[in-house]
Amino acid sequence: MFDLEAELKKLPDKPGVYLMHDKEDHIIYVGKAVVLKNRVRQYFQKSRNVSPKIARMIEQIAWFEYIVTDSELEALVLECNLIKEHNPKYNTMLKDGKSYPFLKATIQEDFPRFVLARQMKRDGAKYFGPFTSGAAIRDTIELLNKLFHLRNCRKVLPRDVGKERPCLYHQMGQCPAPCQQGSVGREEYRENFQKALSFLNGNTKEVMKDLQQKMEQLAQNMQFEEAAAYRDLIDSVRLVTERQKITSDDQEDRDIIAIARNEDEAVVQVFFIRGGKLIGREHYYLTGVLEEAEGHILSAFIKQMYAGTPYVPRELWTECEPEDSGAILEWLAKKRGHKVFFRHPKRGEKVRLLDLAKRNAHMVLAQDAEKLKQEREKTLGAMEEIERLLGLQGLNRVESYDISNINGFETVGSMVVFEKGRAKKNDYRKFRIRTVTGPDDYRSMEELLTRRFTHGQRQELAEMDSFRLFPDVIFMDGGKGQVNVAERVLQELKIDIPVCGMVKDDHHRTRGLFFRNEEIPIDIHGQGFRLITRIQDETHRFAIEYHRQIRGKAQVHSILDDIPTIGAARRKALMKYYESLEDIKKATVEELKEVPGMNERSAKAVVEFFREG
């Protein structure tokens, strides 16, 4: 039993992170504290004035735990990691964590290249970006290689010089083949690469002038095909340079961040400025912002956004100061390797850019309002329709099961999970049926459900094991027969979960639900019907996909392959020695030892495997 008063007295006078749990042991809030003793106690002081959101959260706290750190900075990093891992209900959450690619110049190599990189490392290379589009980087690399005759292979030079013939790009006249002895000197190649770097830094006039002259000269000589190639190059250069609109003359790297709010949703618009140029913009959605101050929202966004971003610019422009700004700046500086600054422009061109970002955020919020409404109707709204249809309340997690038969020794099953009307694919599970021979769907389903819920009842399950979470309702891919099987298994295990059958018509289309011994018709135009159809289709798809995966193997996989120490040779020997799988299951250790290639250890493994199954 958790003694609140006693635990509050034990809180240390040190920095750290605290985790609030509800009665079902879900982590509902993660926070950091400079002094744990002071911060955590504040939640339980009756005289403290808190927002309605925090008041609701406090009512649900069943117990708390904490982790002590050596500094506020360590607490901030740990808080970021725990929020990302547990997705707590009452934290302000970044819905779509994106990462952005870089254009990497391998200047540390003798014959450097341009490549797309997903991470920024301290490897001696020069990085441009991040960019918001991988396609834009690939287009830029292709253009640079054509303009400046650079290689795009992965060969290690000069180690690999002369090992292979020149590639197709050399034959097309795009690569000078530094992989061949005497084709191009190191200094000449690096001179071209420096011109490419200068081009990337915005010095495009000389390149455009040179391309224009070559195109005109070829046209005058009536070499129209070659002139057209230069025309295309000119168009590509214009496209790349137009992406980099000038925004300032100071050549700084900065992110401009603005927030637009609407009830419990917020949109954060970020302009990415690199070298004084706008290279892209992106918007992000935040949830759990109801009744939160803008400084708190900004703090939550920055911590979650830059926790997953390898590059941190020198400046972050914001409308207000984020909470914990000192600790955040220290953390960002450590990630960047240099100081980072918050700027809050008040006048002039800088305010105009910040206002532009805010207008964009409001525009995205307005445009997506209807889309968000439709998304809610498809998910939470559909779950509410199903609740009304079945006369149930509080439906959140749905599990659905299906069986697929494979000839011979094989039968497989699938478990599909939906939470809040959305597929939760990380919790999907596949089953190899162990105790059933031949196409017996009812007995196969009985085994599948028994294994799933017996496993879920184990006390030693890890916190991240999805089997420890039981569904609020079970959907069976079938009618009365499958529902009866599921209800019988649950009754034997003393588990109380409602079970529905998803019934199909003669054309294999969902027509209704079988629940509590009667078929309930569904409005085929409603969102609830569409969600049930999605669940049924997904369950069937997942089972069939597993079926095909096994069937498509060069060697048909057997249940015997799941037994430790039984490899392909022993499996073949067992199947040759015994007429059926049932005979193998009934065999003793001594009898199994008579099979060629079997020893006492492998024989015991077979007996124990089927005994457990």
Side-chain angles (χ1 to χ4, degrees), residues 24 26 84-89 93-98 265 284-285 287-288 368 371-390 392 394-404 412-431 445 448-449 451-453 455-456 463-478 482-483 486 497-504 508-510 512-513 515 522 524-549:
E24 295 177 351
H26 297 141
K84 184 176 181 180
E85 179 181 350
H86 296 291
N87 195 22
K89 178 180 179 180
M93 295 298 302
L94 180 62
K95 287 175 67 176
D96 43 356
K98 299 182 177 71
E265 295 274 345
Y284 303 81
Y285 293 98
T287 59
D368 287 356
K371 185 171 71 175
L372 292 171
K373 180 182 176 182
Q374 291 174 358
E375 180 65 21
R376 189 196 180 282
E377 289 175 354
K378 285 173 58 179
T379 54
L380 295 176
M383 289 298 294
E384 290 166 1
E385 278 189 31
I386 294 171
E387 285 179 346
R388 291 192 294 270
L389 192 68
L390 302 178
L392 301 173
L395 298 187
N396 175 36
R397 183 182 175 96
V398 175
E399 290 184 4
S400 179
Y401 305 92
D402 192 17
I403 295 292
S404 262
V412 299
S414 67
M415 166 181 148
V416 162
V417 180
F418 276 63
E419 282 191 0
K420 297 180 180 178
R422 291 186 176 92
K424 192 177 183 184
K425 296 193 175 183
N426 286 343
D427 285 3
Y428 285 15
R429 291 294 181 268
K430 302 170 183 175
F431 294 83
M445 184 61 72
L448 185 160
L449 293 172
R451 285 167 55 190
R452 184 266 178 267
F453 287 104
H455 185 87
E463 184 177 342
M464 299 306 293
D465 192 326
S466 64
F467 277 170
R468 69 192 292 270
L469 300 174
F470 280 8
D472 301 307
V473 64
I474 293 172
F475 281 179
M476 303 299 297
D477 187 32
Q482 291 285 23
V483 170
I497 301 173
V499 182
C500 291
M502 298 179 289
V503 186
K504 291 187 176 182
H508 210 64
R509 294 175 301 199
T510 306
L513 291 176
F515 185 57
I522 313 175
I524 62 172
H525 302 294
Q527 292 294 347
F529 172 81
R530 293 189 178 101
L531 176 58
I532 290 167
T533 302
R534 287 200 301 275
I535 293 172
Q536 190 168 35
D537 290 346
E538 181 70 352
T539 308
H540 189 61
R541 179 202 65 79
F542 192 54
I544 292 298
E545 185 180 90
Y546 190 29
H547 175 145
R548 289 172 179 166
Q549 176 187 340

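Taking each heavy atom of Thr539 and Ser414 in turn, the nearest pair found is O-OG, 3.2 Å. The nearest pair of heavy atoms linking Leu531 to Gly421 is CD1-O, 3.7 Å. When all heavy atoms of His26 and Leu469 are compared, the pair lying nearest together is NE2-CD2, 4.2 Å. The minimum heavy-atom distance between Phe470 and Phe467, with the atom names listed, is CE1-O, 3.6 Å. Taking all atoms of both residues into account, the shortest heavy-atom contact from Leu380 to Lys420 is CD2-CB, 3.7 Å. The two residues Leu392 and Pro498 have their closest heavy-atom pair at CD1-CG, 3.9 Å.
Between Val412 and Lys430, the closest side-chain pair of non-hydrogen atoms is not below 4.5 Å.
The residues Glu375 and Arg422 are annotated as salt-bridged, a charged nitrogen and a carboxylate oxygen being separated by less than 4.0 angstrom. A salt bridge links Glu384 with Arg376: the closest approach of a Lys/Arg side-chain nitrogen to an acidic carboxylate oxygen falls below 4.0 angstrom.
The distance between the ring centers of Phe431 and Tyr546 does not fall below 6.0 angstrom.
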Can Asp402 and Phe542 be said to form a side chain to side chain contact (heavy atoms under 4.5 Å, CB included), step by step? CA-CA 9 Å; Asp402 192 17; Phe542 192 54; over 6 Å; no

The test is side chain to side chain contact (heavy atoms under 4.5 Å, CB included); show your working for Met383 and Phe418 and say whether it passes. CA-CA 10 Å; Met383 289 298 294; Phe418 276 63; over 6 Å; no

Any chance you could lay out the side chain to side chain contact (heavy atoms under 4.5 Å, CB included) test for Gln482 and Phe475, step after step, and finish with the verdict? CA-CA 10 Å; Gln482 291 285 23; Phe475 281 179; over 6 Å; no

Please step through side chain to side chain contact (heavy atoms under 4.5 Å, CB included) for the pair Met93 and Thr287, ending with a clear verdict. CA-CA 5 Å; Met93 295 298 302; Thr287 59; 3.7 Å; yes

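Asp472 places a side-chain N or O within donor-acceptor distance of the main-chain N or O of Arg397, the cut-off being under 3.5 Å. Using modelled atom types, no side-chain atom of Gln536 and backbone atom of Asp477 make a donor-acceptor pair closer than 3.5 Å. When atom types are taken as modelled, the side chain of Glu387 and the backbone of Leu395 share a donor-acceptor pair closer than 3.5 angstrom. Arg530 places a side-chain N or O within donor-acceptor distance of the main-chain N or O of His525, the cut-off being under 3.5 Å. Remark: the backbone N or O of Val416 is not paired with any side-chain donor or acceptor of Ser400 at under 3.5 angstrom.
The structure places CZ of Arg541 at 14.0 Å from CZ of Arg534, a figure rounded to the nearest 0.5 Å. Put simply, CG on Leu389 and CG on Leu513 are 6.0 Å apart, with the number rounded to the nearest 0.5 Å. For the atom pair CD of Glu385 and CD1 of Ile522, the computed distance is 10.0 Å after rounding to the nearest 0.5 Å.
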